[in-house]
Amino acid sequence: MHDVAIVGAGPVGLLLGILLRQRGLDVVILEQRRRRSDHSRAIGIHPPALAVLAEAGVAEELIAAGVQIRDGVARRSGRDIAVLDFGCVPGPHPYVLAVPQVLTERILEQQLHTLGGRVHYGRTAQRIDDGGGRVTLEVSRCGGTAGSAGGSTDPGREEVYARLAVAADGARSTVRDLLKVPVASRRYPDTYLMGDFADNTSDGATAVLYLEPDGIVESFPLPGGLRRWVVRTRALDPAPEPGRLADLISGRTGRTVDVATNSMLSSFAVRWRRVHRMVHGRVALIGDAAHEISPIGGQGMNLGWLDAAALAPIISAALQGQDTGEQLRVFDRRRRAAAATAGWQAHLNMALGRPLPPAVLDARNSFLLPALAIPGAAAVVARRFTMH
């Protein structure tokens, strides 16, 4: 029997696995995918999360692989109208680190392997039972990693036994559904199209927000001479094409991108989901399984990492026989409050990017953006955008 079973081998599940292995715990990680995806969505690593990643022993490698975004610029009609400097945020990392998610996951999994952990791919949870002093996961196998994470007479199924379990299996969490955990949810009208192209701008390591009447266009630097573009659209594009995104970028900003260099393309809608409790008996939910927020602002992955950092010492204490009831209640309350704060920030970020008539947009900008010239106000905004 394992100490902890983690369902989900995305960035959050991998980090929790590392933190628990560092504490000497026997951890099994189950991943539904047959292999790791090369589709890179999350890119922003905020300073509080970098502190946790440093504890996990991977921050230096990530920093070496990433781009340090130390400031952001708001533009309108080709003119810079505000600058946000992250240099005022506290701590050793006064920047947002841009790293493609696929690279982040690769570095995390390598560290997990170094600590003696592994991911069992092609494992889908079919049933979960929290009884008899342990958690039993019935798992179906579909390719993936050879070898068994548990025991079963059925070659297509296995049972995994653990003293505790954690669901880090994302917004469409299978474990959450199996446990029938109530979820509050809301769908936003906002939709986006994003893609990565060769960077032919002169913006370097600066993030740029184009505040235009037809909706925001966001531009972020990536390693390898790439730049990510995110465009607010009027409806979800069911079959995105690089040329369509290039046209939207050009039409709103005047910038041209080389369609032939496109290396990632995705369209997405926005949903808010939140559980009423993150801890259910011997099972805890973290990351998007517990609280899905808008990806605009790049907080979701970081929020999950901070969940993992808060939960790991409690798991270790519980498995040593300590009474952790009060610690779990504090964990639940504080992490749900953090998710509410992040969700509100994401809501404001989306509102900032919605289409507006030109006169209304310019009036709003002239009212809001001058505050960034005030040192105290600018520092508050910078702290908010970096999750301090």
Side-chain angles (χ1 to χ4, degrees), residues 1-21 23 25-39 105-106 108-113 115-183 273 275 277-290 292 304 307-308 311-312 315-316 318-319:
M1 180 167 66
H2 303 284
D3 289 324
V4 184
I6 300 172
V7 181
V12 175
L14 289 171
L15 178 66
L16 180 61
I18 291 169
L19 297 176
L20 295 178
R21 286 296 304 150
R23 289 167 168 80
L25 299 179
D26 175 11
V27 178
V28 59
I29 302 181
L30 309 170
E31 170 56 49
Q32 180 173 315
R33 294 170 296 178
R34 298 182 64 178
R35 61 187 62 85
R36 190 159 299 287
S37 172
D38 59 0
H39 188 74
E105 291 184 356
R106 187 181 306 143
L108 287 169
E109 189 167 2
Q110 288 171 350
Q111 176 70 343
L112 180 71
H113 288 170
L115 295 170
R118 64 177 297 199
V119 177
H120 296 265
Y121 288 95
R123 305 305 202 268
T124 302
Q126 301 289 346
R127 182 179 65 85
I128 185 167
D129 178 47
D130 176 7
R134 68 184 184 187
V135 179
T136 301
L137 280 158
E138 185 177 315
V139 178
S140 64
R141 296 200 298 266
C142 179
T145 310
S148 176
S152 174
T153 57
D154 183 344
R157 289 181 180 268
E158 61 187 279
E159 288 187 341
V160 178
Y161 308 106
R163 297 166 68 188
L164 299 172
V166 179
D169 52 344
R172 298 178 178 85
S173 172
T174 300
V175 172
R176 186 185 63 215
D177 291 344
L178 290 172
L179 292 173
K180 296 181 170 57
V181 176
V183 180
R273 271 188 280 223
V275 299
R277 282 191 298 119
M278 295 174 64
V279 180
H280 298 263
R282 293 177 177 271
V283 183
L285 285 73
I286 62 174
D288 283 355
E292 178 187 9
D307 289 346
L311 185 60
I315 288 176
S316 180
L319 292 177

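Count residues from 1 along the sequence. All values below come from the heavy atoms of this structure, side chains included, with hydrogens, waters and symmetry mates left out.
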**Q** Please round to the nearest 0.5 Å and tell me the distance separating atom CG of L285 and atom CE of M278.
**A**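 Answer rounded to 0.5 Å: 7.5 Å.
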**Q** Minimum heavy-atom separation for E109 and Y121, please, with both atom names.
**A**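 Closest pair (atom of E109, atom of Y121, distance): OE1-OH, 2.8 Å.
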**Q** Give the minimum heavy-atom separation between P11 and E105, together with the two atoms involved.
**A**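 Taking P11 first and E105 second, the nearest heavy atoms are CD-OE2, 3.1 Å.
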**Q** For H2 versus V28, what's the shortest heavy-atom pair and its separation?
**A**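 Looking at all heavy atoms of both residues, the closest pair is CD2-CG1, 3.5 Å.
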**Q** When you measure from the side chain of D3 to the backbone of D26, do you find a donor-acceptor pair of N or O atoms at a distance under 3.5 Å?
**A**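 Such a contact is found between D3 side chain and D26 backbone.
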**Q** Of all heavy-atom pairs between V4 and A162, which one has the smallest distance, and what is that distance?
**A**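 In this case the closest contact between V4 and A162 is C-CB, 4.0 Å.
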**Q** Within this structure, what is the CD1-CD1 distance for the pair I18 and I29, rounded to the nearest 0.5 Å?
**A**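 Output value for this atom pair is 8.0 Å.
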**Q** Heavy-atom distance under 4.5 Å between the side chains of V166 and L20, does that happen here?
**A**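 Sidechains of L20 and V166: no contact.
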**Q** Mark yes or no for whether E292, through its side chain, and A171, through its backbone, hold a donor-acceptor pair below 3.5 Å.
**A**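 Pair absent, no side-chain N/O of E292 close to backbone of A171.
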**Q** Give, for atom CZ of R106 and atom CG of L14, the distance between the pair rounded to the nearest 0.5 Å.
**A**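 Result: 12.5 Å between the selected atoms.
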**Q** Quick one: are V12 and D307 in side-chain contact, heavy atoms under 4.5 Å?
**A**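 The answer is no; the side chains never approach within 4.5 Å.
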**Q** Looking at every heavy atom in both E158 and R123, which two are closest together, and how far apart are they?
**A**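 Heavy atoms only, the tightest pair is OE2-NE, 2.9 Å.
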**Q** From R282 CZ over to T136 OG1, what is the distance, rounded to the nearest 0.5 angstrom?
**A**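 Reported value, rounded in 0.5 Å steps: 10.5 Å.
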**Q** Can you name the residues that form a side chain to side chain donor-acceptor pair (under 3.5 Å) with R23, not counting sequence neighbours?
**A**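 In terms of side chain to side chain donor-acceptor pair (under 3.5 Å), with neighbours along the sequence ignored, R23 is linked to no residue.
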**Q** Nearest 0.5 angstrom please: I315 CD1 to L16 CG, how far?
**A**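 Answer rounded to 0.5 Å: 5.0 Å.
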**Q** Please check: side-chain N/O of R163 versus main-chain N/O of L319, any donor-acceptor pairing under 3.5 Å?
**A**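 Yes, because the side chain of R163 sits within donor-acceptor range (under 3.5 Å) of the backbone of L319.
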**Q** Does the side chain of Q126 pick up a donor-acceptor pair with the side chain of S140 at under 3.5 Å?
**A**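 Q126 vs S140: donor-acceptor pair found between side chains.
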**Q** Ignoring hydrogens, what is the shortest heavy-atom contact between G17 and L112? Give both atom names and the distance.
**A**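 Looks like C-CD1, 3.8 Å.
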**Q** Within this structure, what is the CG-OG1 distance for the pair L137 and T124, rounded to the nearest 0.5 Å?
**A**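 One gets 11.5 Å once the value is rounded to the nearest 0.5 Å.
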**Q** Strictly by side-chain hydrogen bond (donor to acceptor under 3.5 Å, both in side chains), give each pair with a member in residues 172-181 just once, sequence neighbours left out.
**A**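 Sorted result for residues 172-181: D169-S173.
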